[in-house]
Amino acid sequence: MVQFAQVIVDVPSLQTNRPYDYVIPAVWQAQLQPGMRVVVPFGKGQRQVQGFVVGTTAAPPDYNGELKTIAAVLDLQPVLNPELLALAKWLAQWTFAFQISCMQTMLPSVMKASYSKKVRLTGAATVATTAIFHDQTELDFADLAPEVIKQLLKWQQQHLVEVVYEVHDRAKVKTLKAVQPLLTAADYTAAAAKVPANAKRQHELLAFLAAHAAAKAPIPMHEITATTELTLAPVHAGVAKGWLRLVDLETYRDPYAELASAPRTQPLTLTAEQATAVQQITAAGEQKRDQVFLVEGVTGSGKTEIYLQAIQAAITAGRTALMLVPEIGLTPQMVARVRGRFGEHVAVLHSGLSTGERYDEWRRIERGEAQVVVGARSAIFAPLQHIGLIIMDEEHESSYKQDEMPRYHARDVALWRAKYHHCPVVLGSATPSLESRARAQKGVYQLIRLKERANHQPLPEVTVVDMKNELKKTKEDNFSSLLLQELRKRVLHQEQSVLMLNRRGFSSFVMCRDCGFVLQCPNCDISLTLHMDTHSMKCHYCGHEEAIPQVCPNCQSRKIRYYGTGTQKVETELHTLLPEARILRMDVDTTRRKGAHGKLLRQFGNHEADILLGTQMIAKGLDFPDVTLVGVLNADTALGLPDFRASERTFQLLTQVSGRAGRAEKKGEVIVQTYNPEHYAIRLARHHDYEGFYKREMTLRHQTGYPPYYYTILVTASHEEENEAAKKIFQLMTQIKPALSKQAILLGPTPRAIARVNKRYYYQMVIKYKREPHLQQVLTQIMQENQARHGIQISIDREPLSFI
Ligand SMILES: Nc1ncnc2c1ncn2[C@@H]1O[C@H](COP(=O)(O)OP(=O)(O)OP(=O)(O)O)[C@@H](O)[C@H]1O
Ligand SMILES: [Zn+2]
Ligand SMILES: [Zn+2]
């Protein structure tokens, strides 16, 4: 009989990665399993804290003190399976995080908070169940007595009951108004005879009702307004006359639900390059090899079709598939493609879902009802079993790295899970990260190159416009004459254009033209950004918001204006320069509302606009056949940043956005405006020369000693007092230095580029190394010792995406 449990506790002040031993109460001894959550007393005050059971034993633990007893069990079945428990343990070590943070990251947020839990009958009531449930179908978990739990546990194993979370996001349950016909078609025709001939709307309503009476189902109002001239007013009149009733229809929480019922698509006949790729991937799957493939395919080479057919092979073999897409790549277009092929077998996970929606999807996966999971970063923790394939689309994307604890990269987790499941991993990109490409060079990954577009058309021609010359010619600093001329041509020929304003390292700020004063955030070392939609100044780091100043706070001058170019400003300008063009703007402001992103794309796809103007979010994944022109307004704003990845990011962005043009029959063209036409990132992007860029950039990284030639770890200390943060980082340096070999390089300590954020000062140092056997241990120790002591916060970031 197991009597003891090992529990990872959630104690923020004393974070620890080792489990503590507890006695299991008698009722639970037969049922408590690793992966269930419990409440246990902990520490001096015997405070009640949550924890995860990670092991159970029959033998008493080797501990001399008095063992405490588990106070309550929170689950009837494990919420983390053995794989995820093992993964959490590894992830904590790998990312210098706490196991408890890793475990919590894996679960939908509804399971972390204090949502109420219910035990629900899944089948018909029996005499036995009625004794406990009486006439109800569910019981509140919190009210259950121990004897009852014992019985419920048995039923749970027989699948007679289940535990569900009650999500109180009722407000998010969408309802829509619908019309419920109340009479028969004959009645409506009879009623129409009594309505005066000039009451046109009433006749129209009656005719509509007569036509839909037979179906008996309520008809959503939006369908009525879309297909007839009717509005809500005649409908209300109809209610008064007893012809119909207005009802609220609850729409299902799945935002992509409509896509599930979309017509299924058939596999395309593969091009030779695609066929070889699919063949290699499925062969590895059949042989249960955890091989990693890097699919380096030019934009439009049909990588998605490769993914879909490889997924199909995994499903046919009775296994499941996990497909990661970057958050902004998770467009309705992409979801539609996967749902179009696999229908309701697909679960979709991303940050746009409400708490309830996420939980719904998670449960479908956990119960094995979905064989394919598509999602952004955290979907890599989806509780899928029997994984046969893991795909990471746009593997170079920075959104795959989480920038808070646990600071994991989804790629590392993907490789771990692939080892566990003995399945292949596919990393896909037109512009792979240097790290992955270098690994393919060494043969660690298998390189698959697709050099041709699926349509066998050449890649779009790219023209680079030097804006330095342009500025001399005209006063225009956003639109070159060539770009304007080409845009005009497209409008005339009813073709479409995509215009990108690169916002990275660039923002609109307010500056006084008399004294040069720039409005700063009071909490952070950074200027505030102007937001025209809310008419306010906002800090992008801490969220501070204030009114737009009318006079300069420094010299009282009225000449305080905003600088920089925002998408709104460009849109206004474009309206003046090209009044005939219909423009859709896509940026954080126009896509904040749920579903807005998809709606804009749908409108563009329906030719409701000639130009799609947006930020980086339009660079990826879009596949519109009539886009023949792509314009990049400012290619180089990111090049000036003190970031060793600046060139790589610029090259990737230009290549990706160029790839939006000419994806079907019509030829594509790209115009890139820049002040640095000679820069190699721009020159090579112009020729779609990824391999050339890779070689050039690798040489540079080699000379300067950056990844992938070195591994890097960023250590940061922060405190509200600047000297405390500085003192700490120097102390950490003296602790780390003796553990390092001569080959390791320490950069810093220095204040971080933005030294103060949210009223805290940040100091950092970077460790560059190739092989350091003692580093893991010293950093783990630092992490354990220094948590939340004296207001100091320490973070350790393995392979940070940038040092700024
Ligand atoms: N074998 C094929 N036969 C015909 N059309 C294809 C084939 N494979 C892909 N396509 C079409 O080619 C277009 C580009 O494919 P897809 O979007 O998968 O490219 P991609 O490699 O993912 O590009 P990007 O990196 O730009 O996102 C799509 O419209 C797709 O339907
Ligand atoms: Zn001033
Ligand atoms: Zn701030």
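No experiment lies behind these values; they were computed from the predicted model shown. Sequence positions, counted from 1, serve as the residue numbers for this chain. Remember, it's 1-based here, ligands and their atoms both numbered in the order they're listed.
For Arg660, every heavy-atom contact with ligand 1 shorter than 4.0 Å involves the side chain, none the backbone. When heavy-atom distances to ligand 1 are checked against a 4.0 Å cut-off, Thr299 comes that close through both its backbone and its side chain.
Relative orientation of the Phe651 and Tyr690 rings is tilted, given thresholds of 30° and 60° on the angle between their planes.
Of the inter-residue distances, the one linking Ser433 atom OG with Tyr694 atom OH reads 10.0 Å to the nearest 0.5 angstrom. To the nearest 0.5 angstrom, Ile281 atom CD1 is 12.0 Å from Cys423 atom SG.
For ligand 1 and Gly302, the ligand atoms under 4.0 Å from any heavy atom of the residue are 9 (C), 15 (O), 16 (P), 18 (O), 19 (O), 20 (P), 21 (O). Close approach of ligand 1 to Ala454 (heavy-atom distance below 4.0 Å) involves ligand atoms 6 (C), 7 (C), 8 (N), 9 (C), 10 (N), 12 (O). Within the listing of ligand 1, atoms 1 (N) sit less than 4.0 angstrom from a heavy atom of Leu270. Each of the following atoms of ligand 1 lies closer than 4.0 Å to a heavy atom of Lys303: 18 (O), 19 (O), 20 (P), 21 (O), 22 (O), 23 (O), 24 (P), 25 (O). Near Thr271, meaning under 4.0 Å from any of its heavy atoms, are these atoms of ligand 1: 1 (N). Each of the atoms 1 (N), 2 (C), 3 (N) of ligand 1 lies under 4.0 Å from some heavy atom of Thr269. Each of the following atoms of ligand 1 lies closer than 4.0 Å to a heavy atom of Thr304: 16 (P), 17 (O), 18 (O), 22 (O).
Of the candidates Val372, Val425, Leu322, Ile311, Leu389 forms a side chain to side chain contact (heavy atoms under 4.5 Å, CB included) with just one, namely Ile311.
Of the N or O atoms in Ser301, one or more lie within a sub-3.5 Å distance of an N or O in ligand 1. By the 3.5 Å distance cut-off applied to N or O atoms, Gly659 is not counted among the residues near ligand 1. When only interatomic distances are considered, the shortest N/O to N/O separation between Gly300 and ligand 1 falls below 3.5 Å.
For the residues Gln309, Glu305, Arg337, the heavy atom positioned nearest atom 30 (C) of ligand 1 is part of Arg337.
Heavy-atom neighbours of Gln494 CD from other residues, nucleotides or ligands within 6.0 Å: at or below the threshold of 12.
The shortest separation from a heavy atom of Asn455 to ligand 1 is not under 4.0 Å, leaving the residue out of contact.
Residues Ser647 and His679 come closest through the heavy atom pair OG-CE1, 3.5 Å.
Checked by atom type and distance alone, the side chain of Arg453 pairs as donor or acceptor with a backbone atom of Gly662 at under 3.5 Å.
Residue pairs meeting the salt bridge (charged side-chain N to carboxylate O under 4.0 Å, His left out) criterion with at least one member in residues 608-617, sequence neighbours excluded, are Arg582-Asp610. Residue pairs meeting the side-chain hydrogen bond (donor to acceptor under 3.5 Å, both in side chains) criterion with at least one partner in residues 307-317, sequence neighbours excluded, are Glu305-Gln309, Tyr307-Asp393, Gln312-Thr316.
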